[in-house]
Amino acid sequence: MTARYDGHAEWYDDFNAPFAADNAAAIVDHLGAGKGLCLDVGCGTGLYLDAIRSTGRTVIGLDRSTDQLHIARRRDRAPLLQGDATALPFAANSFDTVTTLWISTDISDFGRLLKEAARVLRPGGLLLFQGVHPCFNGPHIERLPEGELLIHHTYRITGWHRRAPWWPEGGVRDRVGMSHVPLADLINAFIDAELNVERVSELGERPIPSVLAVTATA
């Protein structure tokens, strides 16, 4: 797993902070009150650690990017580890909760990530995924000046996309690229990981949802 945000972390933290502030309430709502250890996989610069902690959980962050973890350590007191989300450095049944926030577009093998998350979850433990809605974000979406979306044929081209001609120059996807997981593949990844999907929510702008949230249990 490549640390694609190394070299972009300071810029990305500034760019992402207002979005994280908007998303925090939904994350807290989906998690609900809890206790025990929560692993935030792909914690990035730590923008969601305090929101997770506010639910009563003790949060531990993991990310591959040295640069992002450097910012996260300045921001938050939580234990933070550098590691690969597809080969988590934890024993089975270690966590009561796992969060995977805004990571499906940044990792090459989302299915493997979920299998690792399921492995480290205790029986009955909660997993929360929240990220961009794959139907309305990705290499197939061109945002028109009027706010409309133009959908291109590349929706079914899975895997890593380094560039799309309609991505804004200098934006996050133009800088680091993205992994595209179509909706069916994303939901099936939960099934393949033997996670029990409890709820699927579409959030964000109306009438077009920009965010997908999935809660599941081990």
Side-chain angles (χ1 to χ4, degrees), residues 1-24 26-27 39-52 59-89 98-114 116-117 128-134 136-143 149 152 154 157-181 186 204-205 210-213:
M1 176 181 171
T2 305
R4 298 182 176 95
Y5 282 81
D6 281 355
H8 302 286
E10 294 284 353
W11 173 87
Y12 182 68
D13 188 59
D14 290 339
F15 167 82
N16 196 38
F19 297 103
D22 290 342
N23 296 325
I27 290 167
L39 177 63
D40 185 23
V41 180
C43 66
T45 61
L47 288 167
Y48 295 110
L49 297 173
D50 197 50
I52 296 168
V59 64
I60 296 173
L62 178 138
D63 203 276
R64 187 62 179 262
S65 169
T66 300
D67 290 355
Q68 293 210 94
L69 287 173
H70 180 69
I71 298 172
R73 291 187 176 106
R74 297 200 311 252
R75 169 172 282 126
D76 198 277
R77 66 184 186 275
L80 301 172
L81 292 82
Q82 185 175 28
D84 186 342
T86 63
L88 294 173
V98 173
T99 52
T100 58
L101 307 174
W102 309 95
I103 192 173
S104 63
T105 51
D106 294 319
I107 188 166
S108 298
D109 193 344
F110 183 66
R112 182 61 191 165
L113 179 154
L114 287 184
E116 277 292 277
L128 171 63
F129 163 80
Q130 188 165 312
V132 297
H133 198 306
F136 307 109
N137 298 270
H140 57 295
I141 292 296
E142 181 179 359
R143 297 185 179 275
L149 303 181
H152 292 267
T154 45
I157 301 177
T158 62
W160 195 259
H161 294 253
R162 181 63 190 89
R163 191 173 303 278
W166 37 82
W167 286 346
E169 184 175 352
V172 61
R173 296 305 163 206
D174 184 57
R175 290 170 183 256
V176 302
M178 73 171 293
S179 181
H180 177 55
V181 185
L186 189 146
E205 302 169 7
S210 58
V211 178
L212 184 72

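Hydrogens, waters and symmetry mates play no part in the numbers below; they use all other heavy atoms, side chains included.
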Open item on the list: Keeping T45 on the side-chain end and D13 on the backbone end, is there a donor-acceptor pair under 3.5 Å?
Closed with: no
Open item on the list: Tell me the closest heavy-atom pair linking W102 and V211, and the distance in Å.
Closed with: CH2-CG2, 3.4 Å
Task: Straight-line distance of H70 NE2 to L80 CG, nearest 0.5 Å - done: 12.5 Å
TODO: Taking the side chain as every heavy atom from C-beta outward, state whether L212 and L186 have any pair of such atoms under 4.5 Å apart.
DONE: yes
- [ ] Nearest 0.5 Å please: distance from the OG atom of S104 over to the CG atom of N137.
- [x] 9.5 Å
TODO: Could you tell me the separation between the CG atom of L39 and the OG1 atom of T99, rounded to the nearest 0.5 Å?
DONE: 7.0 Å
Open item on the list: Can you tell me how far apart CG (D76) and CG (L47) are? Round to the nearest 0.5 Å.
Closed with: 10.0 Å
Task: Partner of Y5 by ring pair (Phe, Tyr, Trp, His ring centres under 6.0 Å), out of W11, F15, Y12 - done: Y12
Task: Heavy-atom check, side chain of P134 versus side chain of V181, under 4.5 Å - done: no
Task: salt bridge (charged side-chain N to carboxylate O under 4.0 Å, His left out) against R162, all qualifying residues, sequence neighbours excluded - done: none
- [ ] May I ask you to decide if D40's main-chain N or O and T100's side chain share a donor-acceptor pair within less than 3.5 Å?
- [x] no
- [ ] Output the distance between atom CG (L149) and atom CZ (R143), rounded to the nearest 0.5 Å.
- [x] 5.0 Å
Open item on the list: Just so I know, are the side chains of H180 and I157 near enough to count as touching, which here means a heavy-atom distance under 4.5 Å?
Closed with: no
Task: Nearest heavy atoms of S210 and G204, plus distance in Å - done: OG-CA, 3.6 Å
TODO: To the nearest 0.5 angstrom, please state how far the CD1 atom of I103 sits from the SG atom of C43.
DONE: 9.0 Å
TODO: Indicate yes or no for a side-chain donor-acceptor contact from S179 to the backbone of I107 under 3.5 Å, with no hydrogens or angles considered.
DONE: yes
Open item on the list: Could you report the tightest heavy-atom contact between L69 and L81, atom names first, then the distance?
Closed with: CD1-O, 3.7 Å
Task: Donor-acceptor contact below 3.5 Å, side chain R4 vs main chain G177 - done: no
TODO: Give the minimum heavy-atom separation between A72 and G46, together with the two atoms involved.
DONE: CB-N, 3.8 Å
Open item on the list: Quick check: closest heavy atoms across R112 and T86, and the distance to 0.1 Å?
Closed with: NE-O, 3.4 Å
Open item on the list: Minimum heavy-atom separation for L88 and E116, please, with both atom names.
Closed with: N-OE1, 2.7 Å
Task: Backbone N/O of D6 and side chain of D67: donor-acceptor pair under 3.5 Å - done: no
Open item on the list: Ring-plane angle category for W166 and H152, please: parallel below 30°, perpendicular beyond 60°, tilted otherwise.
Closed with: parallel
Task: N23 side-chain N/O to F19 backbone N/O, donor-acceptor pair under 3.5 Å - done: yes
TODO: Return each pair, listed once, that meets salt bridge (Lys or Arg N to Asp or Glu O under 4.0 Å) where at least one residue sits in residues 165-178; pairs must be two or more places apart or across chains.
DONE: D106-R173, R163-D174
